[in-house]
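In what follows, a structure is listed as structure tokens, so that the remarks can point back to it.
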Amino acid sequence: QVQLVESGGGLVQAGGSLRLSCAASGRTFSSYIMGWFRQAPGKEREFVASISWSGGSTFYANSVKGRFTISRDNAKNTVYLQMNSLKPEDTAVYYCARDPVSTRVDGSSREEKYDYWGQGTQVTVSS
């Protein structure tokens, strides 16, 4: 059984920064692509970013490219999402998830490829 626990969400003003963390249980964390998704009120969940098992490859949604950075520390079983230049439209619940299917990060944007999900952490950006 894999457990994913997100943290680091909160309330921030537009233009500010937050760093989300996702701590994973299980010894096979480093074998999988990990991703971040978000869901805003009244909207469907959408892909944000993904990272390869080694951390050497990353992939971003166009809406966050250049502002968000995904990274991971396999020794700590943790994946991070550094969010800079936040906008009110970034307000959402952010989820991390594990992708056991994809072999490339650019093929990991579809949520049906992900099997384990965290409970989510709320990010609110005020204008």
Side-chain angles (χ1 to χ4, degrees):
Q1 187 74 10
V2 174
Q3 284 190 319
L4 303 174
V5 180
E6 302 96 337
S7 62
L11 174 64
V12 63
Q13 288 189 331
S17 298
L18 281 175
R19 188 195 196 200
L20 306 184
S21 299
C22 172
S25 64
R27 293 177 291 177
T28 59
F29 171 80
S30 61
S31 301
Y32 299 102
I33 288 172
M34 297 294 294
W36 285 96
F37 287 75
R38 66 186 181 185
Q39 187 167 22
K43 295 187 177 182
E44 293 186 350
R45 189 157 55 187
E46 64 175 3
F47 171 79
V48 175
S50 59
I51 188 167
S52 63
W53 66 270
S54 68
S57 296
T58 56
F59 184 62
Y60 297 93
N62 288 336
S63 58
V64 306
K65 199 175 296 183
R67 300 188 298 121
F68 290 11
T69 302
I70 187 172
S71 61
R72 67 191 297 164
D73 184 339
N74 287 338
K76 296 182 178 179
N77 276 14
T78 302
V79 62
Y80 304 98
L81 186 67
Q82 177 67 44
M83 305 186 296
N84 298 330
S85 302
L86 282 161
K87 304 174 182 180
E89 50 264 44
D90 294 318
T91 295
V93 177
Y94 284 72
Y95 301 89
C96 69
R98 187 186 81 165
D99 178 358
V101 177
S102 300
T103 56
R104 295 168 54 96
V105 288
D106 58 0
S108 61
S109 62
R110 293 169 54 189
E111 65 174 275
E112 55 263 34
K113 292 190 173 184
Y114 290 77
D115 58 355
Y116 288 101
W117 294 79
Q119 82 291 346
T121 186
Q122 176 71 47
V123 171
T124 303
V125 184
S126 63
S127 57

| message | Assess the residue pair Phe29 and Met34 against the criterion (side-chain contact (heavy atoms from CB on, under 4.5 Å)); give the C-alpha distance rounded to whole Å, side-chain angles, the decisive distance to 0.1 Å, and a yes or no. | response | CA-CA 9 Å; Phe29 171 80; Met34 297 294 294; 3.9 Å; yes

Separation between OG (Ser127) and CD (Gln13), nearest 0.5 Å, reads 9.5 Å

CD1 of Ile70 to SG of Cys96, rounded to nearest 0.5 Å, is 9.0 Å

Shortest non-hydrogen pair, Val93 vs Gly120, comes out as CG1-CA, 3.8 Å

- Are any of the side-chain heavy atoms of Gln122 and Thr91 separated by less than 4.5 Å? yes

Smallest heavy-atom separation, Tyr116 atom then Val2 atom, equals CD2-O, 3.5 Å

Those residues at least two apart in sequence (or on a different chain) that pass ring-ring contact (aromatic ring centres under 6.0 Å, His included) with Trp117 are Phe37, Tyr114

Has Ser102 got a side-chain atom pairing as donor or acceptor with Gly107's backbone, closer than 3.5 angstrom? yes

Heavy-atom closest pair (Gly9 atom, Val123 atom, distance to 0.1 Å) is CA-CG2, 4.2 Å

CZ of Arg72 to OG1 of Thr58, rounded to nearest 0.5 Å, is 12.0 Å

Residues 78-99 vs ring pair (Phe, Tyr, Trp, His ring centres under 6.0 Å), sequence neighbours excluded, gives none

Donor-acceptor under 3.5 Å (Asn74 side chain, Ser54 main chain): no

Is it the case that one hydrophobic cluster holds both Ile33 and Val79, taking links as side-chain heavy atoms less than 4.5 Å apart, direct or via other members?
no

Ser31 and Trp53 have their tightest heavy-atom pair at C-CB, 3.7 Å

Answer yes or no: are there more than 12 heavy-atom neighbours, outside Gln3 itself, under 6.0 Å from its atom CD? no

Value for CG (Leu18) from CG (Leu81), rounded to nearest 0.5 Å, stands at 9.5 Å

The residue among Met83, Gln82, Glu6, Arg38 that forms side chain to side chain contact (heavy atoms under 4.5 Å, CB included) with Leu20 is Met83

So CZ of Phe47 and CH2 of Trp36: to nearest 0.5 Å the spacing works out to 12.5 Å

Rounding to 0.5 Å, atoms OG (Ser50) and CG (Asp106) come to a distance of 8.0 Å

Do Val48 and Val105 sit in the same hydrophobic cluster, where Ile, Leu, Val, Met, Phe, Trp and Tyr count as joined when their side-chain heavy atoms come under 4.5 Å apart? no

Nearest heavy-atom contact between Ala14 and Pro88 is CB-CD, 4.1 Å

All heavy atoms of Ser63 vs all of Arg67, minimum pair found to be O-NH2, 2.9 Å

